[in-house]
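Take a look at the structure set out below.
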Amino acid sequence: MTNFLFIKSQRIKQLGFLILMFMFSLGTQAQTTVSGKVSDKDGPIPGVNVSIKGTKTGTVTDMDGAFTLKSVPTNGVLIFSFIGYNKKEIAVNKQSKINVILESEITTLNNVVVVGYGSMKRADLTGAVSSVSSESFKQSVSTTIDQVLQGRAAGVNIQQNSGAPGASSSIRIRGISSLNGSNEPIFVIDGVIIDGGTGSSFTNPLSSINPSDIVSMDVLKDASATAIYGSRAANGVIMITTKHGKKGELSLTFDSYVGWQEIPKNLDLLNLREYAVHKNTLASLGIVTRDTNFIRPDLLGEGTDWQKELFTTAMMQSYNLSASGGTDKTTYSMGIGYLDQDGIAIGSAFKRFNLRGVIDSQVKDYLKMGVNFNLSNAEQKTTVSDDSLILTALKQTPNVAVRNADGTYDGPATSEFVQTNPIGLAMLKDNHNTQVGMRATTYAEIGFTKDLKFKTTYSLDYGFHSDYKFDPSYTFGAIVNEVRTGQRSKSDSKYWNWNNLLTYNKKFGVHSINAMLGEEMQESHWENLYGSRTGYLTNGATDLNAGDATTAKNSNGSGTSALSSYFGRVFYSYDDKYLLTGTIRRDGSSKFYKDNQWGWFPSAAFAWKVSNESFLKDSKTVNNLKLRLGWGMVGNQNVPNNAYTSVYNASATNWGTGLLAANTANQDLQWETTTSSNAGFDLGLFNNRIEFTTDVYYKKTDNLLLQLPLPAYVGTTGQGATSAPWVNIGSLENKGIEFTLNTINVQTKDYTWKSNLVFSKNMSKVLQLNTATGVLNKTLQQGSDITIVTRTAVGQPIGQFYGYQVIGRFEKATDFYYKDAQGNVVPTALPQGMKIAENSVWIGDYIFKDLNKDGVINEKDQTYIGNPAPKFTFGFGNTFSFKGFDLNIFLTGAYGNDVVNYQRRWLENPRESTNLLKSATGYAQLALIDPNGPNDYRNVAIVGGDPYMPRIGASSASSTSNYRYSDRFIEDGSYVRIKNISIGYNLPQNVVSKMKLTNLKVYTNMQNVFTFTKYKGYDPEVGSINQDALLTGIDNGRYPSPLIYTFGLTANF
Amino acid sequence: MKTKNILYKILMIALPLFALGCSDLLDVTPEDVITKDNFYKSEEDFKAATGPLYNKVWFDFNDKFYYGLGDGRSYNLYAPFSDYVYPFSDLSVTGLTGPLVSAWSSLYNVVQQSNNVIIGISGSPVSADKKNQYLAEARFMRGTAYWYLASLWGDVIISTDPNELVKNPIVNKNPTKDVYEFAMRDLEFAAKYLPNQAAQSGRLTKYSAYGMLSRVYLSYSGLSDNPNSGTRDQKYLDLAKKAAEKVINEGPYLLMKDYADLYKVDNNNNTESMFALQWVPRGDYGVNNTQQAYFALNSAITGDDAAWGYWTRASNDVLKEYESKDVRRKATWMGDDDFYPEISKANGGYTVDHEKSFLNVKKGVVGSTKDNAKTSRMNSGLNTYMLRLGEVYLNHAEAILGNNANTTDASALASINALRLRAGLTAKTNLTYTDIIHERRVELCMEGQYWYDLVRRAYYRQQEVINYINGQQRGVIVPILYDTATNTVSVDASKSNSSRAVGTANETTFLLPYPDTEVVQNPLLKEKAVPYIFTEPKITNLF
């Protein structure tokens, strides 16, 4: 690695120890002894840390909450901290007795929530906003921020698309509101918008962000909260706040963990003996040629277990160091982090280096300025995913060895219709990418008066993505590659945003007004450059220069899009009882034709703080009750550039560059808009020991943007095709309910138990589709098999699985006929073009449901066979604290969703010549009833096998027919997962003080501990293919999420 | 006061910024694609627009279906593990068969991109003369694609404007006869307006269109409501003859001396080539000829891992077709002991060395990048013949034979014998259909033609062709020993036959099912075809 930003992990380790050994000491002047008592509303609290700020000196309160601390500087500051309570600082001021009342931390009402272009007190919110604090990051092994949100915010459904290191997740806030590709929300990090929807399944645009830099995430869910982001907020907005400095002495935090990852489960595949027996069976049926090595299967061993060869125990390690502090005028925060995660499948890995700095300064009493700078360098190895090596490993046969005796890689004996050596490829092939990201924000805020402020913010987000690929020469048995190919590609993205805000805050008696007027410009630009060469002389130097210049290929492309916006917001509060928020935004997008460029996005919300009314004000039970109502509109412009105009692609010919029509233009293309309404309430009971928030919502999306699905005869599929036009295709709705329940179940002197339950339920329905057929199909290709796997149709939920229904198996001759309602004997429907014959339909084949009762099984008999959307999802967290220990158990789950175990179509098909799942050998075994009789279907019976498996197809037609896409491959995807168990221990203060630390915590964390599910594949959480909402819940050789154990420590100086 | 001053300054800077917001920001001009506004303005633009009609739009077709359908379905080719061949040759195609939709869409890509060019040129301000020449080029492509579609699926959707289909894709299909008529009109237009001489090597001429017409007239002559009528329409037989004669007597094309030379990269666009797909040497995926990768016996030939042809072999049925001295066998199939000096030149040539029990494909296999500078991985750089003079000779003879049992017509004999003599065989003195179909099969073997010959015959002698196909015994694999020196097949008695489950031919065999995915989207494909309304007058002064 030549990149200067990458420091070898070894060195970071040493650095970590250095810092641990580093000590602070401060001289003190006048000293006194301070004693006192610490209590909360219910009485004294034992075990509270009392320390002198800026020193390591401290003590702990006794059983009665009392403490005595000697040698306290008379001008010093005491810090009282205890888990579950807000930290409190009290200046000594020569006092000798200080009694303190700590407030329970769960009283979050005064917390500040980040909203669009500003922040608000949680108590003043009128919209639906969920927040996740940095605590949650500490309780999980999260390498990217999306993983933290899973199960922790109501209404947010997150599924990892792949378990590979650095891979992406599908994030759906309140269902799917758009049919085109991505439904990812936008992420706004300290005011800079990061697009979540740009990654493939294997790369995650959020992977450059270090979770430990984050203070909180606020999920804006309903349109009254998101409409201020107008054009880009259709899928919700996630506001991320990173650490900013706090006034005070330098505070250092060092956190580090190491971990091990394992595959949680193995699939049951054939071993060599079983494979040999099966291959012999296939040979006697004339399906494959007989392998002379398999004459005596009983003499064979286990063979190669490719699954075990591919998946190993993998290491991961993480180091983070942060510093913050400041003066009255200027605060700073800095951080540096390093993560190194190997994948459980060899040939996958992820590394990330982060650097950040924030400075905020009140340079004049009317002028505040600041800069926020982030740099990240991530490196990801993707050979396994890019070459589908997991599938190859599952299919590679156990008679092939991984290595030769001399240590080189082995392979199959022929090169035809066999699998390559996945281990060899994973080890030899170079397929990695680096992503350097730079995000910076500067702002200046001018206070014209106490109430009127102007803020101008300029932000940029630059990404430099490089792909490195090299195919070396290799010999895996009969599979030979002599041509070494190197490929390099560089993609740059540059985004800038400049916004100007004028805000006005004023209180007139019981009236309080907060108004904002803004203007914003943003522009995104991307470009790429690609080159490749072959003819390398060795497998060593892989840069293009080492290849043969005469074989060079190259290409380059670019694109720019821009948005221009004006917006305003008014917040009005009457007597802190009635709150009203109104926003309006006008956006213009370069992606539409000039007549359709501009869109309006208004919103309004109302809240009533019932608990501030006189009849509830003094209630002992209800200490918070707020009702909320909201309505708003947001937009979506997620279409490729130039969709409204006809463009031509260059295409090479021997007579110079040719031009081919690239698209069908649609000048009428316009904004997709989602209108949503929300009603909810927040309730706090018993001094907020019980906090309950619930919302119901209804969202309707109109003018859905979609690339028109067209039949192939329109000339829109394959090489040289024109791409189908982007159109506004219809509308759909989502409605749902969600709630969050936070409780403090037990709170005693030594022991607390807190729970957090998050529940989300969403239902989607398509209301209108302006396609000619009113349906939208999605296909999946495997080799040359192209199958419609999902259908989205009017009146139906989105992206349901669509295929045939298996209603039984031809068990005996009489199954080929049945009596209809009139008592006539009629033939059972057979697949179109097939008849009763051994090489067509036979005893042991599936009976498909003849839905339209036309006596033949054809495409008209396909129907909805499963729904990938769960009936509900939930997250359930429990935190137990006992003295210095804390234990977190976090569960997530989904109920009522279906998953397609897609690879069973091949891995469970006994006719396939690859290695198979053990269940494949449960095929229906046939025999003649009268051994001397003819091979006639009336003389054939099933004599063995699994009652649900078909026979080995005697022809490719019968095999294709049995293994057509049917409900046989749909499985119940409900699951409950013990997502995390973390145990932490805060070392006693006297021990910590001796080490000159303010705090030292050691912890262990287990992730993906166990999953309760009926699903037979690796993992029921499968996410979406290519972030496509309409290809959700299809497990097509997904990289399983690993089981992770980590051990770590956090030290504060 | 000072504070106010600063505030004032800041305000003065900030205010103009607000104004900047809207204006230019949203006008974005793409830099990696060309927009329609500045295209189709000159003849150069026409050339740029018609160029890709010779390669990229045919890519998917050339990649698999050229031979999968042409030679696989007619059982020249035996590829038991290639799912783009065996469903076709096993007669087990259903609407679910994977490659079917790809075959279908590959031809419609040609149709629709040709339509885009036709629409673009029609609306151009350039003079009508110039426009017609390039319209003719695009219409030739469209007509050819429709001939394939009519032969494979019969009733299909005739489209002249993809934009209409974008607005409403649920349209009726049109009857086979109209599809043929449509194809013929396109090719007749092409024959009228294409130039006598190609301006650029490899581009079409007037005679390319006449040659293609001789094929299409011949197909159409047999089509009637009675598939066992036994006769062909004399009018179209005559037209086929006239079209072929135009080519033979007036055209610039000449037979190559050596048959094997036709399949060498250096001989792309030779004197015999009338329409060939123009692949780009070292071109990107989409303008490359991938066939070698699917045919090559092993990596020693291609020099890379893209050599997947070990199991793609000559059927026993086609091997029996070769006369013992026919040099075309070695140029089409490679068997044990065959020597090819043009392959693996660095090692002094390539000698096939394996058991005598099978033969792999030679046509389309040219060797590695060391043998030909134009060759690279998955790109042989070899043109794909879509029409060559050899076929026009065969069309000529077949048209003259017409409805007769045999012919001794001198010009028919001359046509056939020109090919036979080049192949190292003796001249014929009398021609029957059997003689001509034998010659067609061998001459054009692995050039994606034989299935269409069978379909053409089945238009008027369906039962004969059904019997013929069932007689090919596709389900029985007889172990053979092949003597490459004498082109002799003998049964290997030491091994036993094996069987494969295949379908039987019947009257439905001659039309492929519509792909399921298409029928789902347009149920009208299963309804009765609706006649096409021709708006343009038919060209009558071609001959």
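Proteins get letters first, then strands, A, B, ... in listed order; numbering begins at 1 in each. Heavy atoms only: backbone and side chains are in, while hydrogens, waters and symmetry mates are out. What you are looking at is a predicted structure, and each value in this text was computed from that prediction instead of being measured.
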Contacting region of [X] [heavy-atom separation from chain A under 4.5 Å]:
| X | value |
| --- | --- |
| B:K47 | neither |
| B:V287 | side chain |
| B:T504 | side chain |
| B:T508 | neither |
| B:Y86 | side chain |
| B:V502 | backbone |
| B:W58 | neither |
| B:T517 | both |
| B:D284 | both |
| B:Q278 | both |
| B:F61 | neither |

Item to complete: Tell me yes or no: between the side chains of A:Y713 and B:N522, is some donor less than 3.5 Å from an acceptor?
Response: yes
If we define contacts as heavy-atom pairs under 4.5 Å, which of [options] has the most with chain A?
| options | answer |
| --- | --- |
| B:P162, B:A49, B:A300 | B:A49 |
| B:R377, B:E518, B:K526 | B:E518 |
| B:R203, B:K64, B:E164 | B:R203 |
| B:I157, B:T50, B:L107, B:I477 | B:I157 |

Of the backbone (N, CA, C, O) and the side chain (C-beta and beyond), which part of [X] lies under 4.5 Å from a heavy atom of chain B, both, or neither?
| X | value |
| --- | --- |
| A:Q597 | side chain |
| A:S565 | neither |
| A:T551 | both |
| A:E527 | neither |
| A:A721 | both |
| A:K835 | side chain |
| A:D471 | neither |
| A:A662 | neither |

With chain B as the partner, which of [options] has the greatest number of non-hydrogen pairs under 4.5 Å?
| options | result |
| --- | --- |
| A:L285, A:V483, A:V288, A:N641 | A:V483 |
| A:S561, A:A562, A:A552 | A:A562 |
| A:S558, A:G715, A:G559 | A:S558 |
| A:N481, A:N556, A:N649 | A:N481 |

Item to complete: Please test B:Q113 against A:L660 for side-chain contact (heavy atoms from CB on, under 4.5 Å), starting from the C-alpha separation and ending with a verdict.
Response: CA-CA 7 Å; B:Q113 286 289 18; A:L660 263 182; 3.6 Å; yes
[atom1]/[X] to [atom2]/[Y] distance, rounded to the nearest 0.5 angstrom?
| X | Y | atom1 | atom2 | answer |
| --- | --- | --- | --- | --- |
| A:Q781 | B:S102 | CD | OG | 7.5 Å |
| A:N654 | B:S201 | CG | OG | 9.0 Å |
| B:N116 | A:S646 | CG | OG | 9.0 Å |

Taking the side chain as every heavy atom from C-beta outward, state whether [X] and [Y] have any pair of such atoms under 4.5 Å apart.
| X | Y | value |
| --- | --- | --- |
| B:F39 | A:L659 | yes |
| B:D516 | A:N858 | no |
| A:R791 | B:V520 | yes |
| B:L165 | A:L710 | no |
| A:T960 | B:T94 | no |

Please name the pair of heavy atoms, one in [X] and one in [Y], separated by the smallest distance, quoted to 0.1 Å.
| X | Y | value |
| --- | --- | --- |
| B:V519 | A:E859 | CG1-OE2, 3.2 Å |
| A:A652 | B:N55 | O-ND2, 3.2 Å |
| B:V57 | A:G720 | CG1-O, 4.2 Å |
| A:K553 | B:R282 | CE-O, 3.1 Å |
| B:D60 | A:G718 | OD2-CA, 3.2 Å |
| A:A712 | B:W104 | CB-CD1, 3.9 Å |

Worksheet item: Would you find a donor on one side and an acceptor on the other, under 3.5 Å apart, between the side chain of B:N109 and the backbone of A:T717?
Response: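 At least one qualifying donor-acceptor pair exists.
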Practice prompt. Please check if atom NZ in B:K370 has more than 12 non-hydrogen atoms from other residues, nucleotides or ligands closer than 6.0 Å.
Written response: no
